[in-house]
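Excluded from the calculations below are hydrogen atoms, water molecules and symmetry mates; all remaining heavy atoms, backbone and side chain alike, are included. All values derive from a computational prediction rather than experimental measurement.
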Amino acid sequence: MILVWSGRGGLSVLVLLVSIFGLVQIVPRDFASYAFVVSLFVTAAFSWVMGKKWNGKTQILMNKSTGQDILLKPNHSLFWIKMQYWGIIFGILGLIILIQELGKAM
């Protein structure tokens, strides 16, 4: 079985789904597309901040038998893309949809 996320990378999708379902319940139906845009921005902020925090922690361990240092890097990713870069992707997608929706309103 191939996993599409590693570490805590799946939380980006979970935050997106929870924020969409939460905002759709609050926002009037006329502005449902804006609720999707806001949820993309919320997910972008979450993915960027938490991805930088979780992927930035590296540990150096020493192997007692060989004396060599071992570098442990965390990997929190979704579809093999690190979590903080999903923040950029979600943000750009949100901007594109926002510009389209504002263009329809004019």
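Criterion: ILVMFWY side-chain heavy atoms under 4.5 Å apart, direct or through other members. Under it, I99 and V37 are not part of a common hydrophobic cluster. A single hydrophobic cluster is seen to contain both L17 and W86, as judged by linkage of ILVMFWY side chains at heavy-atom distances under 4.5 Å, directly or through other members.
The OG atom of S33 sits 7.0 Å away from the NZ atom of K104 when rounded to the nearest 0.5 Å. Note that OG of S39 and CZ of F90 are 9.5 Å apart. Values are rounded to the nearest 0.5 Å. Interatomic distance, CD1 of I20 versus CG of L40, reported as 6.5 Å (0.5 Å rounding). T43 OG1 to L11 CG: the interatomic distance, rounded to the nearest 0.5 Å, is 11.0 Å. In this structure, the separation between CG on N75 and CZ on R8 is 12.5 Å, given to the nearest 0.5 Å. In this structure, CD1 in I88 is found 13.5 Å from CG in L93, a value given to the nearest 0.5 Å.
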query = Does the pair S12 and M83 meet the rule for a side-chain contact (heavy atoms from CB on, under 4.5 Å), with working shown?
reply = CA-CA 8 Å; S12 292; M83 196 172 168; 3.6 Å; yes

request  = Walk me through it: do T58 and L72 pass the test side-chain contact (heavy atoms from CB on, under 4.5 Å)?
outcome  = CA-CA 6 Å; T58 57; L72 295 178; over 6 Å; no

ask   = For W5 and I81, what are the C-alpha separation, side-chain angles and deciding distance, and is it a side-chain contact (heavy atoms from CB on, under 4.5 Å)?
value = CA-CA 9 Å; W5 73 85; I81 298 173; over 6 Å; no

inquiry  = Is there a side-chain contact (heavy atoms from CB on, under 4.5 Å) between F36 and L23? Walk through the geometry before answering.
reply    = CA-CA 8 Å; F36 182 64; L23 286 171; over 6 Å; no

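You'll find the side chain of I70 stays beyond 4.5 Å of the side chain of I60, heavy atoms only.
In Y85, the OH atom is not crowded: 12 or fewer heavy atoms of neighbouring residues, nucleotides or ligands sit closer than 6.0 Å.
Distance alone, capped at 3.5 Å, places no donor-acceptor pair between the H76 side chain and the G9 backbone. A donor-acceptor pair is defined here as one N or O able to donate and one able to accept, closer than 3.5 Å; no such pair exists between the side chain of S47 and the backbone of A44.
Between W54 and F46, the two ring planes are perpendicular [angle over 60°; tilted spans 30° to 60°].
The two residues L98 and F41 make their nearest non-hydrogen contact at CD2-CE1, 4.4 Å.
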